[in-house]
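In what follows, a single structure is set out as structure tokens and then discussed.
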Amino acid sequence: MDSSGEDINGMVEKDDAPKGPSGQKETSTADMLRIKQQMSNQCFEMEVYLNAGKNRRSCSTSEAERDYSDHISELERVKTLQFNQTLALHRMQMWHAMGEKIKTNDPEADALKVVNQRCMALCCRIKQIQQETRLLQDEITELQKKRLEMKRLTHEKMKEMEDLMSRKEHPDTEKYKAALEKGQTNLEKYKKMSIMAQNVLRGLLLACKINWLDDPKLRDVAMTLEEFPITD
Amino acid sequence: MAETLCLSDSDRSSSSDQSVPSRSNNRSLRIAEKERKKNEAEDSFVLALRYFSEGSSPCVRVLKCLIPASVVPQQAVVRAVVWLNVSKIPISTQVLFIKWVLTVFDLIDAKDQLRAIYGFIFSFITEENLCPYICHLLYLLTRKENVHLYRVRKLLELQSKLGRQPFLMHLLSLYKVFCPELVTLSIPSRIRSGFKNYISPWKSALVAVQKSNGQQVSSSISAAFTIKEKSISRKRKHCHLDLPALSSVLNKEPQSEQTSRRKMVPLVHLSSFAQMLKDMHRIELPAQMGSLLGSSLALQYLDCVQEESALLRLNFWLGCALHEEFLFCRQTSEEALQFLNNLLSAQHFLQEGFSSSDAFLYKFLNVWDGSLLRPQILGLLSNIPVIPSTQIGRLLFEPLTQLFFTSSMFFKCGLMECLNNMLLKWLTWHSVYALEDDLDISLNSHTSINITLSGFKDSVMELVHFVGRLASLGLQLEGCNTLLLSFILDFYETVCDTFLKFGLPLVVMPPPGVFYPALLATDPVSVDRLAYIMHRYKLNLTSAKSQEKQTEPQQAFHISRHTFRQFNHYLVFMVNCLWNCRMFHANTDMHVREELLHKSNVPQYWTRFDFIHHPAFTGYAVDFHQKCWPGKKDVDVNSIKQSKPWSWYLEYLFNQGFDGLKDFVHSSISRQVTAGDKLQDSQQR
């Protein structure tokens with residue numbers, strides 16, 4: 001069963017319900033009794049339904065939210081339907097009237113024709129410009145794709161280069177491996193020592209609240225406490 | 001206040017080494033004099049900062065009034081840092097001094113000496129009151145060489161004492177970027193709060209005073225290929241929104257004899273692209289990362305090298321600047337417009353956004369009024385990368401919905417255009433990075449968010465549905481305004497070609513709230529565009545269907561039956577309406593009750609939207625009639641319906657530039673001798 005109940009066609013009439021007062025001509029007593037019986041049945045049904053509904057009052061928030069958004073979309077759907085149908089009706093009537101007007105060949109019709117000519121010329125121009133815009137936009141999109149592709153390739157190449165550089169080994173690695181390792185451990189050791197010494201000296205200067213800035217020799221030393229001449 | 005500005009030469013004589021309270025050395029007098037001759041400005045600051053060392057109460061006032069005329073010599077700052085330790089200065093004054101350094105940080109001429117005393121500055125971190133500001137200062141100065149294990153340990157110790165303070169986390173995250181092996185704790189990837197904004201009021205006051213005194217700071221941007229030529233104007237006032245001048249860390253000219261193998265070339269000294277390529281691995285980034293935004297050469301370097309620490313610092317600076325200007329200050333200035341334009345240019349050049357500007361936008365959308373700097377904000381919005389579908393509603397759709405329905409028609413049009421650009425950029429990104437279904441590809445070079453093909457399709461679908469909803473309701477609110485309809489049709493011109501132009505296996509039809517108003521439009525341009533769009537949809541769908549049959553089942557993508565049905569429904573309606581004269585039929589969305597149609601007093605209502613009577617084409621019909629039968633006084637457009645005039649009329653229409661109609665009619669309507677034929681419905685599965 002479709003939900004066309006709310007559309008422009010008005011309420012769907014129930015088949016078994018009695019016709020409203022406008023369609024009614026004469027009512028006999030038997031008819032009235034029959035109607036009374038029907039109505040009392042319907043009231044009873046409604047009461048039962050209402051009572052059943054009372055117990056289902058509570059529901060979770062998430063359910064309610066889902067229902068809520070469903071109801072909203074249903075509402076919007078129906079509104080759009082009604083809007084579109086009204087739009088069609090209105091436009092049809094309006095333009096029929098205009099068509100009739102143009103046929104009459106009076107001064108107002110002539111004015112309408114002039115406006116019409118102008119509109120046609122403008123539309124032609126608009127279409128030209130839109131065509132150009134479309135072509136240009138396509139070109140721009142192509143260019144942007146190309147640039148982005150370049151960017152992606154650049155990044156790939158940079159990564160490859162980094163990989164290569166990290167993997168590159170000195171040709172004589174095997175020969176000097178032991179010496180290299182020993183040298184590096186020594187370097188680490190002395191590096192740690194020198195950093196520690198720098199730290200200690202800095203601590204001394206701070207703790208004793210020495211103004212090292214005004215003594216040139218001390219200043220030169222203090223300014224190097226952050227450096228380690230051999231970078232990694 | 002004016003006396004402390006630009007302390008003149010007359011003060012020079014008094015400010016000799018008596019500035020040191022106790023341990024002055026006579027020998028050093030001569031050396032100090034030599035230094036003085038080189039750097040006049042240092043003395044003015046030294047004089048002012050002398051109050052500092054004495055710890056007297058005028059010191060506070062002097063500090064607050066200390067506004068640099070042009071630059072702040074770093075030697076003065078170094079001296080003051082030494083005094084911080086040596087003299088007994090009250091804590092509040094110490095805090096004030098560090099804040100002052102942070103405020104004028106961009107005006108300090110060079111940073112190498114400050115970096116040399118990094119350890120001394122670091123020692124102040126244990127002082128609880130100073131800690132946040134010291135962290136901020138260290139953040140601005142840190143390089144890889146400064147990161148040591150004992151410093152990391154100190155920071156962690158502080159963290160256990162003070163808690164996970166944001167300023168500590170920031171500094172630790174920067175340390176982590178430089179030396180990930182030393183910092184093992186996990187840091188939340190998005191620390192949006194940044195360092196607390198405490199210097200902004202001071203900065204704006206500083207700017208105001210500088211402006212009122214007509215200070216002209218010449219900004220030297222020497223890097224070649226600057227994007228905005230205007231920014232080299234000498235009259236630019238130096239405020240926190242100006243892109244800082246690209247400068248090197250060292251103030252002096254690099255002596256060529258000292259150039260060793262490992263010496264780094266400062267970015268500012270590069271003047272051409274070829275030079276940059278030559279020295280690619282030796283380039284040293286400036287201390288102020290924000291200055292990179294003004295130079296396309298610098299941006300290109302940054303983009304190629306992808307140095308994480310540089311990006312982190314740049315995003316940090318950008319986030320701070322944006323927050324300060326738009327989320328904290330009440331009034332916006334001319335500089336704000338310029339700044340955003342520069343940012344936009346940088347983003348267009350890089351073809352991606354910055355994570356800090358994205359984060360800022362999500363916050364800003366909730367407080368924006370929709371008209372402040374609209375083109376710039378919408379431009380920045382269109383550069384946002386793909387948002388996962390789980391978050392897109394909360395981050396983007398909710399604030400935009402609110403803005404859309406409470407705004408003017410021009411805002412609606414602007415937003416439509418912005419979302420169209422956003423979609424275009426997402427699709428372009430997809431067509432280049434060609435996602436595979438199982439592969440996680442990171443969204444752009446700056447973020448770590450990954451996305452799969454299905455995730456991407458979800459996001460695109462969410463966006464298209466969202467725009468469809470906005471468009472339907474917007475048209476209803478604005479009475480089917482033609483300008484708004486034009487922007488909406490722009491959007492659907494992008495959507496209809498997602499498969500053929502961008503290779504994304506997705507087809508989404510427009511909602512009824514867009515299709516019908518476009519078909520019933522009073523201007524022929526809209527109807528023509530709709531016809532074009534329907535024609536493109538048909539091409540996309542047929543191509544997708546044929547591809548589905550050809551390729552192997554795994555690679556094939558599936559277009560739902562619902563989409564086909566919807567398309568067929570629209571197509572049939574459109575042809576019936578325009579060609580077959582079957583409008584207002586039952587079982588369509590346009591079903592109107594007979595009684596109502598009779599009430600309207602319009603004869604033959606079923607033909608009222610065909611090519612002759614349609615509101616958009618009535619004028620053409622009349623014009624054609626006059627051209628075809630110039631003698632006839634009575635205009636009876638129905639006479640065009642005969643076979644020969646009908647073809648001529650169609651030719652006449654198509655020659656007006658309505659290519660969309662031409663394509664649509666030729667592809668969807670097969671004419672046979674008897675009129676009123678249904679089209680070949682080959683899409684039905």
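Keep in mind it's a predicted model, so treat the numbers as computed, not measured. A note on names: the letters A, B, ... follow the listed sequences, proteins ahead of strands, and every chain is numbered from 1. Only heavy atoms go into these numbers, but all of them, side chains included; no hydrogens, no water, no symmetry mates.
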Quick one: what part of [X] sits under 4.5 Å from any heavy atom of chain A, side chain, backbone, both or neither?
| X | value |
| --- | --- |
| Asp523(B) | neither |
| Phe584(B) | side chain |
| Gln626(B) | side chain |
| His348(B) | backbone |
| Lys425(B) | neither |
| Tyr532(B) | side chain |
| Leu520(B) | both |
| Tyr150(B) | side chain |
| Thr618(B) | side chain |
| Leu473(B) | side chain |
| Ser600(B) | both |

[X] side-chain N/O to [Y] backbone N/O, donor-acceptor pair under 3.5 Å:
| X | Y | value |
| --- | --- | --- |
| Lys103(A) | Asp636(B) | no |
| Glu145(B) | Glu226(A) | no |
| Arg147(A) | Phe349(B) | yes |
| His591(B) | Gln85(A) | no |

- Do you know which of Thr428(B), Asn85(B), Val82(B) has the most heavy-atom pairs under 4.5 Å to chain A? Asn85(B)
- Query: Can you tell if the side chain of Tyr433(B) reaches within under 4.5 Å of the side chain of Arg152(A), non-hydrogen atoms only?
  - Reply: yes
- Would you say Val432(B) and Lys146(A) make side-chain contact, with heavy atoms under 4.5 Å? no
- Task: Determine which residues belonging to residues 132-140 of chain A lie within contact range of chain B, meaning some heavy atom pair is under 4.5 Å apart, and list them by number or answer 'none'.
- Result: Arg134(A), Gln137(A), Asp138(A)
Show which side-chain atoms of residues 112-120 of chain A pair as donor or acceptor with protein atoms under 3.5 Å away, not counting sequence neighbours.
| residue | atom | partner | partner atom | Å |
| --- | --- | --- | --- | --- |
| Lys113(A) | NZ | Asn105(A) | OD1 | 3.3 |
| Asn116(A) | ND2 | Gly619(B) | O | 3.2 |
| Gln117(A) | NE2 | Asp623(B) | OD1 | 2.9 |

- What heavy-atom pair brings Ala222(A) and Phe120(B) nearest, and what distance separates the two atoms? O-CE1, 3.9 Å
- Task: Please report the closest heavy-atom contact between Thr80(A) and Pro512(B), naming both atoms and the distance.
- Result: CG2-C, 4.2 Å
- Name the one of Leu87(A), Leu81(A), Asn84(A) that satisfies side chain to side chain contact (heavy atoms under 4.5 Å, CB included) with Met590(B)? Asn84(A)
